[in-house]
Amino acid sequence: MSTVDYQISSEEEYQKAYQAALDNPENFWSKIAEQFQWKNKWNKTLEWNFEEYDVKWFLGGKLNITENCIDRHLSEKGEQTAIIWEPNNPKDEVRTYTYNQLAQEVNRFATILQRNGIKKGDRICIYLPMIPEAAFAMLACARIGAIHSVVFAGFSAKALCDRIQDASAKMVITSDGLIRGTKKLLLRNIVGEAIADCDSIETVLTIRHTGDEVETNHLDKWYHEEYAALGEGEIHFEAESMDSEDELFILYTSGSTGKPKGVVHSCGGYMVYADYSFRNVFQYQDGDVFWCTADVGWITGHSYIVYGPLLAGACCLMFEGIPTYPTPGRFWKICEKHSVNQFYTAPTAIRALMGCGNDYPQNFKLDSLKVIGSVGEPINEEAWQWYSKEVGKGNCPVVDTWWQTETGGIMISNLGNIGEHIPTYAGLPLPGIQPVLLNTEGEIIEENGVEGLLAVRHPWPSMIRTTWGDHERCEQVYFSAFKGYYFTGDGARRDEKGHYRIIGRVDDVINVSGHRLGTAEIENAINAHENVVESAVVGYPHDIKGQGIYAYVICHVFPEDEKALRKEITAITSDIIGRIAKPDKIQFVIGLPKTRSGKIMRRILRKIADGTSDQLGDISTLLDPSVVEEIIKGKK
Ligand code: PRX
């Protein structure tokens with residue numbers, strides 16, 4: 001690992017760093033940023049305005065993030081492993097790449113992009129399985145200065161099409177197929193369907209992975225052919241000089257209204273914070289093997305499979321498969337096989353594996369583990385305890401990391417073994433992060449031992465810069481609810497010592513198995529069925545998924561065969577969004593509880609869905625209170 005002086009190793013150092021960042025954020029981040037490789041130093045550290053949203057870090061600085069992820073490590077650790085790839089099928093061969101090999105792969109990939117007309121600023125959509133080429137593709141884009149937009153390969157053709165259109169992407173990088181567990185998807189065929197309506201696409205670059213036969217057309221280029229055409233020799237691709245504030249990537253995420261929005265991150269600030277948060281939260285030491293089980297299609301994969309670990313010169317494991325294939329012992333087997341030191345996963349996976357019994361983790365040697373992490377949704381106490389005891393064997397700190405696509409990196413979390421670890425509490429904010437709890441009036445709640453709305457009052461380097469093509473939306477969503485603050489959309493509790501516990505979303509966003517979905521987005525999909533008049537979707541507590549999707553649906557003609565219509569509605573949500581958006585429960589209703597102004601009272605629907613309809617409170621202001629009775633009677 002390149003030597004840095006900003007890795008905190010004690011509670012005292014944490015306190016000092018936190019205070020330093022509070023007293024003089026610019027000086028704090030500037031000293032950290034100096035330890036990266038810049039082509040040109042910045043002339044101003046920070047400019048910001050939360051009223052009319054604008055944030056810029058390291059102004060005038062020039063860099064390329066891939067020189068920091070790869071080139072600067074080569075002299076000392078060119079022969080050290082950068083990526084270990086564990087395939088879906090445990091019998092298939094593991095692939096490993098040293099930093100030297102990674103450099104070659106990325107230089108070659110960038111050359112292929114250039115030969116296919118890609119230039120700085122172009123948008124490239126990446127729709128790939130969890131294979132090393134996904135990381136190479138992202139880095140190749142960054143090297144040439146193209147903006148990547150990775151779309152999770154579980155999204156449908158329609159969802160992919162929306163994202164390609166929104167970003168006017170010029171190229172899609174995909175593979176013939178994807179295999180997870182026993183399920184196969186022919187990605188190139190899905191891309192074919194998606195791009196039928198996307199005029200911006202000039203090339204489809206397809207990586208041969210599963211060897212399946214797929215439909216191609218005049219836009220296609222096979223990656224292995226392009227690669228072979230480069231010949232055998234070593235290739236160097238000069239990294240493009242990027243401004244600190246040039247866009248590095250777009251990542252689409254759901255909000256409470258409208259279509260998913262493209263969260264934009266920029267080169268300089270994201271780089272500094274991805275590295276800083278990675279090293280400190282996971283307390284990574286040279287020679288460790290770090291494993292994050294997320295998919296690169298989500299922000300967790302961006303920051304803690306690709307950018308964070310590589311910036312720190314770490315060895316990072318990437319896994320193609322699922323936790324339960326071929327058995328629910330797979331995660332633990334991989335930890336044993338590769339002597340994983342830091343393991344980072346989601347509560348949904350923990351709960352699912354907990355349900356499979358203690359024999360699985362007990363059958364494997366897990367003593368290499370030093371830090372185990374959780375991300376994406378609140379972790380309930382039972383799952384936290386099981387994780388700590390059965391996986392961490394009681395001597396690994398659990399880091400419950402709270403953050404968001406928009407924050408770019410972990411914001412609130414314990415740092416490895418440092419400080420107190422309280423089940424279900426994420427802990428303290430990282431140095432440089434200034435969270436506040438607000439009341440509904442937007443006033444700061446100063447005291448501890450309270451609940452409130454979680455906001456942030458000062459910029460940090462990796463914060464969202466804009467939403468692609470629509471800056472107003474960015475201002476509206478994050479900076480308009482409470483003037484002068486970035487509003488997270490989450491509610492939180494702060495204990496007497498200042499530790500934060502995240503309660504969950506306070507808006508119309510639900511978190512299903514750690515996947516973030518807007519209720520409006522699911523409703524729009526359901527409403528696309530010809531027999532649907534209107535629908536309302538809410539989340540309800542689900543043992544494994546954290547939250548399940550409960551849909552109340554009004555039909556033109558009440559279905560004779562409810563089961564058949566449920567199946568059709570489920571199919572439509574899969575088609576329009578993806579399988580992650582399938583409702584768990586669908587209840588056909590004759591009306592929805594609405595106010596006199598026509599607003600659906602979701603609070604009531606949530607209470608019915610979670611079985612607390614005895615606590616509905618005052619419903620007399622509803623246009624027609626009798627629908628509530630009907631809905632309670634028909635509850636699924
Ligand atoms: O509600 C919070 C929840 O996930 C949301 C962000 O989702 P996304 O942008 O998809 O990013 C997920 C991975 C960073 C947050 O608004 N969330 C994330 N981490 C936690 C969490 N809720 C509770 N505890 C966490 N550790």
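Both ligands and their constituent atoms are indexed starting at 1 by order of listing. Scope of the values below: all heavy atoms of this structure, side chains included, with no hydrogens, waters or symmetry mates.
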**Student:** Using heavy-atom distances only, which candidate in Asp400, Val263, Asn511 approaches atom 26 (N) of ligand 1 most closely?
**Tutor:**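 The residue whose heavy atom sits nearest atom 26 (N) of ligand 1 is Asp400.
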
**Student:** Any idea which of Arg501, Arg516, His302 brings a heavy atom closest to atom 7 (O) of ligand 1?
**Tutor:**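 Nearest heavy atom to atom 7 (O) of ligand 1 lies in Arg516.
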
**Student:** If you measure only the distance, is there a donor-acceptor pair under 3.5 Å linking the side chains of Thr401 and Tyr304?
**Tutor:**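 Judged by distance alone, the side chains do not pair up.
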
**Student:** Near Asp490, which atoms of ligand 1 are under 4.0 Å from a heavy atom of that residue?
**Tutor:**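 With Asp490 as reference, the close atoms of ligand 1 come out as 1 (O), 2 (C), 15 (C), 16 (O).
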
**Student:** Relative to the heavy atoms of Thr300, which atoms of ligand 1 are at a distance of less than 4.0 Å?
**Tutor:**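 So the answer, numbered in order with elements, is 13 (C), 14 (C).
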
**Student:** Of all the non-hydrogen atoms in the protein, which one sits nearest to atom 24 (N) of ligand 1, and at what distance?
**Tutor:**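 For atom 24 (N) of ligand 1, the nearest protein heavy atom is Glu377 O, 3.3 Å.
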
**Student:** Which of the numbered atoms in ligand 1 are under 4.0 angstrom from any heavy atom belonging to Thr401?
**Tutor:**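 Counting atoms of ligand 1 from 1, those under 4.0 Å from Thr401 are 19 (N), 20 (C), 25 (C), 26 (N).
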
**Student:** Within a distance under 4.0 Å of any heavy atom of Val375, pick out the atoms of ligand 1 and give their elements.
**Tutor:**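 In order of number, 13 (C), 14 (C).
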
**Student:** Does ligand 1 have an atom that lies less than 4.0 angstrom from a heavy atom of Gly376?
**Tutor:**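 So Gly376 counts as touching ligand 1.
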
**Student:** In terms of side-chain geometry, is the basic nitrogen of Glu247 or Arg465 positioned less than 4.0 Å from the acidic oxygen of its partner?
**Tutor:**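 No, Glu247 and Arg465 are not salt-bridged.
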
**Student:** Name the one of His542, Glu377, Glu382 that satisfies side chain to side chain donor-acceptor pair (under 3.5 Å) with Arg351?
**Tutor:**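 When side chain to side chain donor-acceptor pair (under 3.5 Å) is applied between Arg351 and each of His542, Glu377, Glu382, only Glu377 qualifies.
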
**Student:** Identify the heavy atoms of Cys125 and Val151 that sit nearest to each other, and give their distance.
**Tutor:**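 So the minimum-distance heavy-atom pair works out to SG-CG2, 3.8 Å.
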
**Student:** When the ring planes of His148 and Tyr307 are compared, do they come out parallel, tilted or perpendicular, using 30° and 60° as the limits?
**Tutor:**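 Rings of His148 and Tyr307: parallel, as their planes differ by under 30°.
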
**Student:** Below 3.5 Å, can you tabulate the donor-acceptor pairs from side chains in residues 476-484 to any protein atom, sequence neighbours excluded?
**Tutor:**
| residue | atom | partner | partner atom | Å |
| --- | --- | --- | --- | --- |
| Tyr478 | OH | Glu406 | OE2 | 2.6 |
| Ser480 | OG | Gln476 | O | 2.5 |

